[in-house]
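Everything numeric in this text was worked out from a predicted model, so none of it was measured.
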Amino acid sequence: MTDSQKSDETATDLADAAAPAADGAGTEATGTSAAEATGTAPAARDEAAGGSPAGGASTGEASAAAPAPAPSARPAAPSPAAFASRPKPAAAAPAAAAAPAAPATSPAEAAKWGRVEGDGHVFLTIDGAEHPVGQYPGVSDDEALAYFARKYDDVVAQIVLLEQRVSSKAPSTDMQKTVTHLREQLAERNMVGDLRSAEARLDKLSGQIDELEKAEKAEHDAVRASELAAREAIVAEAEQISAQDPAQTQWKTSSARMNELFENWKAAQKSGVRLGRSNEDALWKRFRAARTVFDRHRRAYFSQLDSSNSAAKSAKEKLIAEAEALSTSTDWGHAAGEYRRLMDQWKASPRASRKDDDALWARFRAAQDVFFNNRQAANDEIDQEYATNLKVKEALLAEANTILPVRDLAAAKKALQSVRDRWEEAGKVPRADMGRIEAGLRKVEDAVRQAEEEQWQRSNPERKARTNSALSQLESAIAGLQEDLAAAEKTGDQRKIKAAREALEARQAWLDQIQRSASELA
């Protein structure tokens with residue numbers, strides 16, 4: 001089968017696919033010729049006549065070179081004239097509306113761009129010059145012209161499809177190759193139609209495809225830059241985590257985050273755009289190095305932690321052994337002091353792992369509890385014995401409170417001494433009440449002591465002498481101020497009168513205060 005027949009069958013398939021099934025069945029049953037039924041004579045003659053301007057063999061040579069095969073039982077193919085006269089299909093269903101409509105050049109339009117000579121030779125007129133296209137003998141001029149016009153329609157159909165792809169901004173992959181291929185087909189001049197119009201449309205498409213490729217490249221570059229930034233962020237965070245001080249690192253949180261970053265990296269590798277081998281290799285080396293450093297720090301930290309935990313556990317087990325040995329002691333004071341020492345050492349000791357430290361503390365606390373529970377039981381027995389003493393001291397405290405307030409110091413001192421004597425004879429009280437009872441007696445003692453101090457201050461000879469001297473000085477000063485006031489009143493000098501009166505009033509106030517103090521001392 002020749003190229004021209006392949007083009008015919010391709011166009012026929014496109015038209016049949018767009019038409020309803022019933023309509024296609026009806027049109028394929030229309031008239032065919034014997035030569036078309038065999039599929040050899042027209043093709044052989046076309047190729048012999050030179051389907052392109054380069055072909056120059058005669059019709060007879062072509063017929064001899066391609067003997068006709070025996071007739072077959074398959075249905076006859078429609079002739080080019082029958083195909084050209086086939087009615088156009090009805091409007092396609094909505095699902096097929098997106099497909100480009102196959103162009104069809106009418107016989108009148110084809111006649112504008114080509115002509116046929118009597119022996120079936122077809123010529124194309126372009127730019128005022130004729131070019132031989134090919135030969136289709138044995139059919140009418142319209143059929144021969146329509147045959148080569150359909151080749152042009154096939155190219156235009158591909159141009160329409162390409163225009164729709166460009167307008168819908170489909171991926172531009174191989175679009176320029178398609179344009180080049182269509183240009184080559186038009187350049188062969190083996191069809192009839194408005195080739196210059198088709199070439200102009202291809203020129204326009206080529207520019208639009210260039211713009212589309214630029215837009216796709218810009219979009220791809222933007223996506224690549226975004227993906228590169230995302231990968232950089234993953235690597236930077238991994239490096240930040242690996243650079244942390246191992247002693248300050250939250251290992252559980254940091255390990256979980258490092259695993260998340262690794263999963264993010266794998267997802268980006270699987271579904272993200274390619275960043276180029278150099279970029280991806282450089283980022284992966286950094287990311288891998290950060291993970292390696294992090295893992296090395298983690299192993300070293302936990303190895304050191306295990307060693308520290310072991311040492312801490314050993315030290316605290318020694319303290320537990322001492323605490324357990326003291327737990328049965330009845331030397332309450334000495335053992336309590338030793339437990340305070342052990343507790344200070346426990347606090348100063350490094351911590352083991354949380355699980356071990358909790359278990360060790362439970363053992364240490366249990367040994368302390370045994371001792372202090374035993375001591376509390378012994379104290380409870382003693383407190384029961386001291387309950388009677390408490391009642392006696394509470395009665396003595398009530399008697400001591402009758403001394404207050406102190407009015408007769410001698411009587412108060414005598415009564416307080418009597419209470420003290422009996423207080424010592426009463427003996428010890430329970431530990432829980434000791435502070436309250438002692439504080440009550442101490443309050444009475446402080447009140448008597450204060451009264452005694454105040455009395456001594458009042459009878460102090462030195463203080464009395466200082467008071468009398470101050471009285472004498474103030475009285476002398478007041479006498480002088482009174483004379484100054486009288487002299488000022490005689491002269492009528494208001495400023496001096498005012499100053500003398502203010503000084504006199506101040507000295508008089510001081511005199512009154514000192515006189516009251518002197519009367520208290522007396």
Should we say atom CZ of Arg422 is surrounded by more than 12 heavy atoms from elsewhere, each under 6.0 Å from it?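 Yes, the 6.0 Å shell around CZ holds more than 12 heavy atoms from other groups.
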
Please check if atom CD in Gln250 has more than 12 non-hydrogen atoms from other residues, nucleotides or ligands closer than 6.0 Å.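 Incorrect, the count does not exceed 12.
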
Does a salt bridge link [X] with [Y], judged by any charged N lying under 4.0 Å from a carboxylate O?
X	Y	value
Asp203	Arg183	yes
Glu445	Arg442	no
Glu227	Arg224	no
Arg365	Asp369	yes
Lys217	Asp221	yes
Glu338	Arg341	yes

Main chain of [Y], side chain of [X]: is a donor-acceptor contact present, judged purely on distance under 3.5 Å?
X	Y	answer
Tyr386	Gly427	no
Ser206	Leu202	no
Thr402	Glu399	yes
Ser314	Ala311	no

Could you list all the salt bridge (Lys or Arg N to Asp or Glu O under 4.0 Å) pairs where at least one residue sits in residues 311-320, not counting sequence neighbours?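 Found Lys316-Asp357.
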
Indicate the ring-plane relationship of Phe372 and Tyr339, choosing parallel, tilted or perpendicular according to the 30° and 60° boundaries.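 Geometry flag for Tyr339 against Phe372: tilted rings.
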
How are the rings of Phe287 and Trp265 set to each other: parallel, tilted or perpendicular (split at 30° and 60°)?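 Ring orientation, 0 to 90° scale: parallel.
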
Shortest non-hydrogen contact from Leu195 toward Tyr152: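 Looks like CD1-CD1, 3.9 Å.
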
Residues Glu263 and Asn259: side-chain donor-acceptor under 3.5 angstrom: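 No donor-acceptor contact under 3.5 Å links the two side chains.
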
How many angstroms lie between CZ in Phe371 and OG1 in Thr330, if you round to the nearest 0.5 Å?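 Rounded to the nearest 0.5 Å, the CZ-OG1 separation comes to 9.0 Å.
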
